[in-house]
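Any value given below was found using the heavy atoms of this structure, including those in side chains, with hydrogens, waters and symmetry copies removed. The sequence lines fix the lettering, A, B, ..., with proteins before strands; numbering per chain opens at 1.
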Amino acid sequence: MIDKVRVRFAPSPTGYLHIGGARTALYNYLVAKHYQGVFILRVEDTDQVRSTEESTKSIFESLQWLGITWDEGPYYQSERRHIYNEYAKKLLDEKKAVYQEDPAKGKAVVFKMPTGKQIVFNDLIHEAIKFESDLLGDIVLVKSDGFPTYNFACVIDDALMNITHIIRGDDHISNTPKQIVLYEALGRPSPQFAHIPLIMGEDGSRLSKRHGHTSVSEYRELGYLPEALFNFLSLLGWSPGDDTEIMDRDEIIKRFTIERVKDKPAQFNIKKLTWLNSHYLKHVSRERLYKLAIPYLSQAGCNISGFPEEKIIKLVDFYRERIRILSEITEATKFFFEDKIIYQMEARQKFIEPQESKEVLQEVYDGISTLQEFNEGSLETLLRRIAESKNLKFQDVAQPIRVALTGTTVSPGIFEVMELLGRQKVQERIKQML
RNA sequence: GCCCCGAUCGUCUAGCCCGGUUUAGGACACAGGCUUUUCAAGCCUGCAGCACGGGUUCAAAUCCCGUUCGGGGUACCA
């Protein structure tokens, strides 16, 4: 590519950033970065009724969270009305457009569609697409409220902003011939078009609210990492051509080309996203993991300030391989923060009630009292010795303790749990079981 | 209805453009196993697919046509 690539993401601020919108933004961003081009953000707020400032804000936030940063803009179409009017007037003067009066709505500017023309464009993803102008109808340029329509404002802006590649959803294919005609009428060259297929829900129909979570902010709240969503979204309709799936931002940028995007709609597969997330969770630093976990913990009412930071860092670290999304951390670490833990009935019956278990617990309790150092190493020595002396499998010692300390049969390694809880709490909880 | 786009395991996909190298590869999910202090992780194995029908060709997942099915559009929304 000789000319500098200029692409744009042009959301309309009528709601949060949708997963589909995020992927469109991402693909634009990737193309820009891949070719060292420019990524422009433009807010298409020409619908006076549905556009809100709040939506604009949340869309920006979601983009930034994902690391999709823009080089130019944001531009707001609502602030560029004088420009559209100028071009509308030009088309009116050239008799390419006319005023049209609607008894109910008022006076609009309408572009007269040329007849008998075939409009062909070479889509970067779909290849040649053909339309007959006779089937298209006239195009409203300026609505009777004085605001431009999408098709008009979009063309003017893309032309004026020297956009080289329009990468957008498949649902815009039918707008494309209209826009091409407008470029011609304006005497401007058409940019390249790349229409990416829409994202479907798990049942194959268009992704919508009834499929569950559809906004980027929801995934953020659930505890998905931005790099996981970034990676996942990049793969939804694109692949690098080999079997690589886990890629960081730079590698995706390096390998991404729009020509390799599939021309088939993809279903949003949350299980794969979750798997990717669990992968990334394993690799974040302890400090970052801690910072990420804190909001979930405090929101659940955990007494974070009651413990040294280092302890919570450790606690959270023990769970990085056991949770798939951050929000799972609260349920998993309940036993640590709460004084009165809830014992699972079955676990208690199976691992605490038997006489043998009671004996083990008593011995562990006594053994702990004699321990000089209370740490993973000394605990391991103690517990292994007890198991050996009683001729028990190690798990017959570990499980009763685990249940006594956490109320469940599931936890990180037993020595880790004990050290983390501290001698006092460990003894208290064991004693309660005797 | 009309116009447009699409069709490889349940899902995401590689292969398709440049037909033979494919017993159609990988990943998620699922099932089983190994490991083990429980769970998770990890490792191994298994399950499972070229929508259908016609061509073209010595040869088709790959090229062409049709059918079926899915999706999108058909606004003074974007």
Give the nucleotide from the list B:C4, B:U8, B:U13 with an atom nearest to the side chain of A:Ala266.
-> B:U13

Cation over ring face, A:Arg348 and A:Tyr343, 6.0 Å, 45° | yes

Closest of B:C12, B:C3, B:A78 to the A:Lys264 side chain is B:C12

Return the nucleotide paired to B:A59: Watson-Crick means purine N1 to pyrimidine N3 with N6-O4 or O6-N4, wobble means G-U with N1-O2 and O6-N3, both under 3.5 Å.
-> none

Sugar-phosphate, base or nothing in reach of A:His195, heavy atoms under 4.0 Å = nothing

Between B:G73, B:C28, B:A14, which one does the side chain of A:Asn269 approach most closely?
-> B:C28

Residue A:Asp170, side-chain atoms from C-beta onward, closest of B:A78, B:A40, B:C5 | B:C5

For A:Thr24, does its backbone N or O pair with a side-chain atom of A:Asn28 as donor and acceptor, under 3.5 Å?
-> yes

Of B:C12, B:C28, B:U38, the nucleotide closest to the side chain of A:Arg322 is B:U38

Could you check which nucleotide pairs with B:C34 in any of the strands shown, counting Watson-Crick or G-U wobble with both distances under 3.5 Å?
-> B:G42

Using only heavy-atom distances, decide whether a donor-acceptor pair under 3.5 angstrom links the side-chain of A:Ser174 to the base of B:C4.
-> no

Residue A:Lys262, side-chain heavy atoms: nucleotide from B:C16, B:U38, B:C3 that is nearest | B:C16

Please work out if A:Asp47 contacts a base, only the sugar-phosphate, or nothing of the nucleic acid, heavy-atom cut-off 4.0 Å.
-> sugar-phosphate

Candidates B:A41, B:G6, B:C12 - which lies nearest the side chain of A:Asp263 | B:G6

Side chains of A:Phe232 and A:Trp275: closer than 4.5 Å at any heavy-atom pair?
-> no

RNA chain B: 5'-proximal contact among A:Glu321 and A:Gly237 (nearest heavy atom) | A:Gly237

For the ring pair A:Phe230 and A:Tyr219, is the centre-to-centre distance below 6.0 Å?
-> no

Taking A:His172 for the side chain and A:His195 for the main chain, is one N or O donor matched with an acceptor at less than 3.5 Å?
-> no

Can you tell me how far the CG atom of A:Leu26 sits from the CG atom of A:Leu66, to the nearest 0.5 Å?
-> 7.5 Å

Nucleotide of B:C77, B:C5, B:G26 approaching A:Asp243 most closely (side-chain heavy atoms) = B:G26

Touch class at under 4.0 angstrom, heavy-atom based, for A:Ser411 against every strand present = base

Which is true for A:Thr149 with a 4.0 Å heavy-atom rule: it touches a base, it touches only sugar-phosphate, or it touches nothing?
-> sugar-phosphate

Can you find an N or O donor on one side and an acceptor on the other, under 3.5 Å apart, linking the side chain of A:Lys272 with the base of B:A27?
-> yes

Would you mind telling me which of B:C28, B:U8, B:C4 lies closest to the side-chain atoms of A:Ile129?
-> B:C4

Please determine, for B:G6, whether a Watson-Crick or G-U wobble partner exists with both distances under 3.5 Å, and give it or none.
-> B:C69

Measure from the side-chain heavy atoms of A:Lys271 and tell me the nearest of B:C28, B:U13, B:A78.
-> B:C28

Can you find a donor-acceptor N/O pair under 3.5 angstrom joining the side chain of A:Asn175 to the base of B:A78?
-> yes

Using a heavy-atom cut-off of under 4.0 Å over every strand shown, decide if A:Thr244 touches base, sugar-phosphate, or nothing.
-> nothing

Please write out each protein N/O paired with an N/O of nucleotides 34-37 of chain B under 3.5 Å, distance rounded to 0.1 Å.
{"unit_1": "B:U37", "atom_1": "O2", "unit_2": "A:Arg402", "atom_2": "NH2", "d": "2.6"}
{"unit_1": "B:U37", "atom_1": "N3", "unit_2": "A:Ile414", "atom_2": "N", "d": "3.3"}

Assess the pair A:Phe152 and A:Tyr87: is the distance between their ring centroids shorter than 6.0 Å?
-> no

Partner of B:A14 under the Watson-Crick or G-U wobble criteria, both distances under 3.5 Å, comes out as none

Classify the nucleic acid contact of A:Lys393 as base, sugar-phosphate or nothing, counting any heavy atom under 4.0 Å across all strands shown.
-> nothing

Mind checking A:Ile323 for me? I need base, sugar-phosphate or nothing, with any heavy atom below 4.0 Å counting as a touch.
-> nothing

Of the non-hydrogen atoms in A:Ala22 and A:Ile68, which two are nearest, and what is the gap between them?
-> O-CD1, 4.1 Å

Hey, does A:Arg206 reach any base, or is it just sugar-phosphate, or nothing, if we go heavy atoms under 4.0 Å?
-> sugar-phosphate

Between A:His34 and A:Lys254, is there a donor-acceptor pair closer than 3.5 Å when you use the side chain of the first and the backbone of the second?
-> yes

Specify the residue among A:Gln77 and A:Gln267 whose closest nucleotide of RNA chain B lies further upstream toward the 5′ end.
-> A:Gln267

